[in-house]
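Notes to accompany the following structure.
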Amino acid sequence: MSADVHLARRPTPDTPSPPDGDGRAPWLLGPALIVVALAVLVVVGAWAVILTQPTTTLPGLGVTWQRSVDFGRDLLGVDSVGTPAYADRAAWGEVLPLAVDTVVMSVLAVGLAAVGALATIGYSSRLLTVGEFGTHPRLAWPLYLLSRSMHIVARSVPDVVWALLIVFLVRPGILAGALALALHDSGVLGRLGSDVVDNLDRGPLRNLRAAGAGRVAMVAYGVLPQALPRLVTFLLYRWEVIVRATVVVGFITTAGLGYQLRLDLAFRRWTDVALVLLVYVVLVWGVDALSSALRRLAR
Amino acid sequence: MSTPSLVWVRARPAGRSLLSLLLVVAFALSVLAVAGEPVAGSGGAKAAREVLASLLRPDLSLPFLRTVAEATLLTAAYAVAAMTVALAVGIPGALAVSGVLVRRRSARLASVSVVRGLFATVRAIHELVWALLLLIILGPNPIAGVIAIGLPYGATVARVLGERLTDVPAAPLAALTSAGSSPWQTLFYGRLPLAGADLAGYLFYRFECAVRAAAVLSFIGLGGIGFQIQIALADLRFERVWPLLAALLVLVVAVDRLSRYVREAGTV
């Protein structure tokens, strides 16, 4: 057994990798030691920072287990008086409309993100600005760099932080949450989308140009037919991600299941917490299933 | 000009048109659902002006920049620590989810479906919700934050890694098995080398996500960039928000660069 593991670290010990262009050593063998040493150093350092935080404690396994069990009992309402919320018709009647709000927020967010991404992908793709099929020679580089940086900024700031900023400008609610999610996701979709456009099959585009097609015709007949199915697939993937995040953004923009969860946690209504979590997980699974069904349609 | 468009229309499967229609209708309905709501926030135009004006005079005083640097370091530490948890959960998880080490078919089906269901539940819950739940159990403890990110990320890594391990070409594996290699040997000599190339790139992508998630852990008061942003916003000191956002940007872009470098080096 141990011999297997030892050999496995070097999957092909006897066959030297073909030398690459600049004659560097094969990646896994030469600098690997340095990389591994650096990685170990970083991991040890990170844990050192975490473990030396003033609030860090290492609770014993027994205590943690006991507390987890107690929390589980609280969620199930084992020792509480009265009907637990998940068995109460009225509680379901309150939570289900919030689930609908959450879905609306996520769909709105995906739609807005798609609009934002589609509006900018043409400028953030290398191919259509500074690459082979670029026009507007004078503005190409500024437009390309500007839209790329917009995507990077939008993507780097998490949706929750966008939400914290947006509630200063937009009334807290479904729209504010959707805007925060859409801002972050337009950056993600923008990047994925411009990668898709840059990796397009160039043949049809070259034919179109040779036939004298203008910019609009090139995009309509050369880019969109190839790129849209891929983009729609990404969009549906991102919907799955967004539905999960909607709950968290809802904490801040006081909308949907997230806000309800925040209130229930604050007031220690544990069986209500359990109900919201149940609806949340079922919702996420439902969206995952629907999204993969729709993706099959896109093929 | 008309030829390519005709070809396109004809080559287009019917499902695709239906899908486009569904998506547009869903988006339109969601817009209608919020159309009646008032848009402007309580602060209105005045708050908007203040936020934008603060962009021009960010707080770059030395003590505050120190705070920014410390918060950035803490956020990076959370992300790295969370990734170690994610790998510790995800690698054994991938073996369990893919069932590549179990020979008996019935045992494999049983173990795989149980583990898959468990991981699907863990994954469905957002890392911040995990953080809130773990805080109840562990108290205000950075360990709770690390586990909160590491657990759902580990479940995701398990799924992706597991899929890669099962989606390798069958012929080389059959060759190994017929030569009498055990499931472990098949894993190390067959599946891992076949699946390995772009795994590092994927893990770095998860790391980039972990950086963002770590920044958001503020929400439950565990420190880091998001925590400082929250404080700055609560005090209406917008001029402090921008340097913090810039630090987060630098961190995310740095990880992104690193991941691109690893991906390119790995595919040599």
Side-chain angles (χ1 to χ4, degrees), chain A residues 1 4 8 11-12 20 26-27 42-43 45-47 49-50 53 55-59 64 67-68 71 104 107-108 111 152-153 156-158 160-161 164-165 167-171 173-175 204 208 211 213 217 221 225 229 232 244-245 247-248 251 261 265 277 280-281 284-285 294 297-298, chain B residues 1 4-5 8 15-16 18-19 23 26-27 30-31 33-34 37-41 43 47-48 51 73-74 77-78 80-81 84 120-121 124-126 128-129 132 136-138 140-143 146 184-185 188-189 192-193 212 215-216 219 223 226 229-230 233 245 248-249 252-253 265-266 268:
Chain A
M1 197 41 153
D4 293 345
T12 50
D20 48 285
W27 185 72
V42 168
V43 168
W47 275 103
V49 170
I50 296 292
Q53 289 298 301
T55 47
T56 299
T57 50
L58 287 173
T64 309
R67 280 195 206 145
S68 311
F71 183 48
V104 168
V107 172
L108 190 60
I152 291 176
V153 172
S156 300
V157 177
V160 175
V161 176
L164 284 172
L165 287 171
V167 287
F168 278 96
L169 309 177
V170 179
R171 178 186 288 261
I174 294 177
L175 182 63
L208 279 167
Y221 297 120
V232 168
R244 285 179 179 78
V247 170
V248 176
F251 286 162
L261 183 62
L265 281 170
L277 283 178
Y280 170 41
V281 170
V284 169
W285 282 349
L294 289 175
L297 215 56
Chain B
M1 198 50 128
S5 82
W8 172 43
R16 230 171 245 176
L18 179 64
L19 178 61
L23 293 181
F27 180 48
S30 74
V31 172
V34 296
E37 285 186 17
V39 172
V51 172
L73 183 69
L74 184 56
Y78 267 117
V80 172
T84 56
T121 316
I125 296 176
H126 193 276
L128 261 187
V129 177
L132 285 171
I136 295 169
I137 295 171
L138 294 173
N141 187 343
I143 304 284
V146 172
W184 280 97
Q185 285 166 331
F188 280 120
Y189 294 103
L192 275 183
R212 276 192 294 264
V216 168
F219 204 67
I229 290 179
Q230 210 180 14
L233 284 175
L245 282 183
L248 180 57
L249 188 81
V252 170
V253 170
V268 162

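Throughout, protein chains are lettered first and strands after them, A, B, ... in sequence-line order, and every chain is numbered starting at 1. Source: prediction; values computed, not measured.
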Mind checking whether B:Val129 and A:Arg244 have side chains closer than 4.5 Å, heavy atoms only? no
Honestly, the part of A:Val153 sitting under 4.5 Å from a heavy atom of chain B is both
* Is there side-chain contact between A:Trp285 and B:Thr121, with at least one heavy-atom pair below 4.5 Å? -> yes
Item to check | Side-chain touch A:Val157/B:Leu249, heavy atoms, less than 4.5 angstrom | outcome: no
Using side-chain heavy atoms (C-beta onward) and a distance below 4.5 Å, is B:Leu248 in contact with A:Pro158?
yes
Open item on the list: I'd like to know whether A:Val161 forms a side-chain contact (heavy atoms from CB on, under 4.5 Å) with B:Arg212, so could you lay out the CA-CA distance, the side-chain angles of the two residues, the decisive distance to 0.1 Å, and finally the verdict.
Closed with: CA-CA 10 Å; A:Val161 176; B:Arg212 276 192 294 264; over 6 Å; no
If you tally heavy-atom pairs under 4.5 Å between each of A:Val49, A:Val284, A:Leu108 and chain B, the highest tally belongs to A:Leu108
Most contact-rich option vs chain A, by heavy-atom pairs under 4.5 angstrom, among B:Leu245, B:Leu233, B:Val34, B:Val252, is B:Leu233
message: Using a 3.5 Å distance criterion without hydrogens, assess whether the side chain of A:Arg67 forms a donor-acceptor pair with backbone atoms of B:Ile137.
response: yes
Fill in: Note, B:Val80 side chain near A:Ile50 side chain (heavy atom, < 4.5 Å)
no
By side-chain contact (heavy atoms from CB on, under 4.5 Å), B:Leu73 pairs with (sequence neighbours left out) none
The reported gap from CG in B:Leu132 to CZ in A:Phe251 (rounded to nearest 0.5 angstrom) is 4.5 Å
Among A:Gly111, A:Ser68, A:Pro204, A:Gly173, the residue with the most heavy-atom pairs under 4.5 Å to chain B is A:Gly111
If one checks every heavy atom of B:Ala26 against chain A at 4.5 Å, the contacting part turns out to be both
When the 4.5 angstrom heavy-atom criterion is applied to A:Val107 and chain B, the contacting part is both
When the 4.5 angstrom heavy-atom criterion is applied to A:Leu265 and chain B, the contacting part is side chain
For B:Ser30, the side-chain hydrogen bond (donor to acceptor under 3.5 Å, both in side chains) test, sequence neighbours excluded, returns none
One option among B:Val31, B:Ile125, B:Val253 has the most heavy-atom pairs under 4.5 Å with chain A, and it is B:Ile125
Between A:Ala46 and B:Ala77 the two heavy atoms that sit nearest each other are CB-O, 3.6 Å
Is any side-chain heavy atom of A:Val248 less than 4.5 Å from a side-chain heavy atom of B:His126? yes
Heavy atoms of A:Thr57 and B:Ile143 approach each other most closely as O-CG1, 3.9 Å
OG1 (A:Thr56) and CG (B:Leu138) are apart, to the nearest 0.5 Å, by 11.0 Å
